[in-house]
Amino acid sequence: MNYKKYRKMYHPVPLENREWPDKEITHAPVWCSVDLRDGNQALYSPMTIDEKIEFFTFLVKLGFKEIEVGFPAASNTEFDFVRRLIDENLIPDDVTIQVLTQAREHIIAKTIEALKGAKNAIVHLYNSTSTLQRRVVFHKNKEEIKQLAVDGAKLVTSLVEGQLEGNIRYEYSPESFTCTEPEYAVEITNAVLDVFKPTPDRKVIINLPSTIEVATANVYADQIEYMCKHLNDRENLVISVHAHNDRGTGVASSELALLAGADRIEGTLFGNGERTGNTDIITVALNMFCQGIDPKLNIEHIDEIIEVFEKYNKLPINPRHPYAGEMAYVAFSGSHQDAIKKSMDEYEHDESHMWANPYLTIDPTDIGRKYEPILINSQSGKGGVSYILEKKYGYVLPKKMLIEFSALINDMSDEKQTVLTNHEIHQAFKDTYVNVGKPIKTRFYRSSESEDASTILTATLEYNGKVSSIEGIGNGPLDALCNGLRRFLNLDFEISDYTEHALARSSDSKAATYIGIKEHGGKRIYWGAGVDHNINTASIYALISAVNRMLSR
Ligand code: KIV
Ligand code: ZN
């Protein structure tokens with residue numbers, strides 16, 4: 001790997017007294033979706049016009065007020081799509097469509113033609129300005145490239161003023177801005193602004209694209225702050241950023257750019273776009289959301305957004321996507337599961353209702369998700385197992401029993417070499433502890449009170465296939481059964497733990513009882529559980545289960 005053939009592609013930014021590191025994001029930017037342009041152009045099979053219309057309608061539903069709908073001069077599909085949006089009145093009055101055009105005469109003319117009849121539109125003019133593009137692609141010097149931009153801007157304004165009647169705004173992008181000398185980026189943009197003539201009522205959008213990411217996000221922030229401080233008429237400009245993701249930092253670049261003064265973000269829903277993609281708007285928006293800032297997008301039904309995105313783009317969402325991934329709210333590690341469960345319990349009972357969770361930045365229910373299923377593998381601990389048993393099936397195990405069962409689950413997962421489903425965990429719990437009927441099975445029992453107020457219990461049991469009757473006397477049915485069993489089995493044991501509760505999840509109100517028994521003088525606890533409509537029967541079953549586990553040790 002010959003790293004020596006690479007060098008920095010960006011120019012030093014002569015920024016003094018940089019301010020952005022001390023700033024914070026306080027409000028949502030203007031969002032502009034470029035899914036139908038940057039996103040669509042990066043698809044193996046681009047959308048048909050009907051699909052584009054459906055996707056456009058969906059973007060409107062998500063709350064986008066500015067949507068780049070294409071490059072009308074690039075193909076008939078793009079042109080016809082814009083025409084259908086306008087002719088069929090598909091653009092709500094509060095939504096502005098944006099069209100892209102290079103600073104070339106015939107392309108500009110076709111673009112303006114596509115916009116006839118539009119109520120609100122942005123004409124987005126761009127030309128490439130970087131050192132490398134000027135030298136290798138355009139063979140033009142700085143002056144010539146500037147002239148190209150100015151000529152393009154002049155043609156745009158004259159055609160817009162002459163042919164269009166709606167509310168038409170201008171946007172200019174010095175494409176490949178991140179590799180352009182900052183002083184030159186200011187010079188060329190100011191020259192375009194002299195043509196566009198921004199006013200308070202008709203601000204001009206200056207879009208500073210990270211066409212290719214070539215530096216850490218702080219360098220981009222420096223470039224943006226430098227532009228904000230040196231462009232003419234800053235108060236009549238909307239500074240926009242359009243960050244690609246070549247270094248995997250498109251989101252960070254856009255966020256730091258907001259600190260540096262940007263007002264607007266261009267991006268795509270899940271970061272789809274040329275090469276490694278564009279800024280992922282869902283992530284930026286939810287990053288704001290979890291800092292207590294209204295993202296001003298309707299993204300509370302994330303699964304619907306994924307479904308629509310995948311249908312039209314035919315691209316899958318990464319399972320580890322920060323918020324939307326199917327694994328985003330799944331914790332494998334036992335200590336994580338434990339901490340999440342404790343924090344969720346606290347959140348449920350906390351009157352202030354402020355979210356604070358050590359491993360989940362947002363409450364998944366805010367975007368229509370749940371913290372489940374927790375996938376249990378051999379790394380998981382009792383927190384996850386207890387969460388599943390309690391939240392899914394209603395069992396609240398005593399702590400010591402939970403420790404024993406979690407170890408069993410870890411072994412199961414280790415052996416299976418994969419995660420266990422909720423169903424497998426529930427089944428393992430039932431098979432191991434609940435109403436265990438081997439080697440002893442309870443066929444029938446009856447208890448009655450004697451004259452001295454003690455309880456007499458008689459039971460018909462099947463022990464290793466043989467039916468026997470036993471009788472015991474004690475302080476209540478359970479004590480009486482213990483006494484009867486001790487004699488019948490010649491086994492000296494005692495009850496060390498007893499817990500019971502109603503099975504909240506059960507539709508037909510059953511009781512669950514957990515019993516731990518120890519051999520006289522022994523340390524090991526043998527656990528059993530009983531579930532029945534009758535609380536006494538549940539405890540009889542729990543005791544028999546525990547005794548069965550002791551007998552099968
Ligand atoms: O990435 C880019 O620079 C662009 C421009 C056309 C804005 O898409
Ligand atoms: Zn782009």
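These values consider heavy atoms only, across backbone and side chains, with no hydrogens, waters or symmetry-generated copies. As the structure lists them, so they are numbered: ligands from 1, and atoms in each ligand from 1.
Aromatic ring centres of F289 and Y323 lie farther apart than the 6.0 Å criterion allows.
For atom 4 (C) of ligand 1, the closest heavy atom belonging to the protein is H242 NE2, 3.5 Å. Of all protein heavy atoms, the one closest to atom 3 (O) of ligand 1 is T211 OG1, 2.6 Å. When only non-hydrogen protein atoms are considered, atom 8 (O) of ligand 1 lies nearest to R37 NH2, 2.9 Å.
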With side-chain hydrogen bond (donor to acceptor under 3.5 Å, both in side chains) as the test, would you mind laying out the steps for T276 and N245 before giving the verdict?
CA-CA 5 Å; T276 51; N245 193 40; 4.8 Å; no
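Residue-ligand proximity, N207 to ligand 1, at heavy-atom distances under 4.0 Å covers atoms 7 (C). Residue-ligand proximity, P209 to ligand 1, at heavy-atom distances under 4.0 Å covers atoms 2 (C), 3 (O). Every atom of ligand 1 with a heavy atom of S173 under 4.0 Å away is listed here by number and element: 7 (C).
For the pair Q223/H11, no side-chain contact is recorded, criterion being any heavy-atom separation below 4.5 Å from C-beta on. Residues H242 and S210 form no side-chain contact, since every pair of their non-hydrogen atoms from C-beta on lies 4.5 Å or further apart. Counting heavy atoms from C-beta outward, I122 and E66 have side chains that approach closer than 4.5 Å.
Below 3.5 Å of separation, one finds an N or O of D38 facing an N or O of ligand 1. For H124, no nitrogen or oxygen atom sits less than 3.5 Å from a nitrogen or oxygen atom of ligand 1, counting backbone and side chain alike. Close N/O approach between E175 and ligand 1 is not found [any backbone or side-chain N/O within under 3.5 Å].
The aromatic rings of F196 and Y170 lie parallel to each other, their planes meeting at an angle below 30°, with 60° marking the opposite boundary. Ring orientation note: the planes of H336 and Y359 are close to parallel, at an angle under 30° on the 30°/60° scale.
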Could you pull out every donor-acceptor pair under 3.5 Å between side chains of residues 252-261 and any protein atom, sequence neighbours left out?
residue : atom : partner : partner atom : Å
S253    : OG   : E213    : OE2          : 2.9
S253    : OG   : T249    : O            : 2.9
S254    : OG   : G250    : O            : 3.2
S254    : OG   : T279    : OG1          : 2.7
E255    : OE2  : N287    : ND2          : 2.8

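Of all the heavy atoms of V34, none lies under 4.0 Å from any atom of ligand 1, so neither backbone nor side chain is involved. When non-hydrogen atoms are compared, ligand 1 lies under 4.0 Å from the side chain of H244 (C-beta onward) but not from its backbone.
An angle of 80° is found at the Zn ion (ligand 2) between H242 atom NE2 and D38 atom OD2, rounded to 10°.
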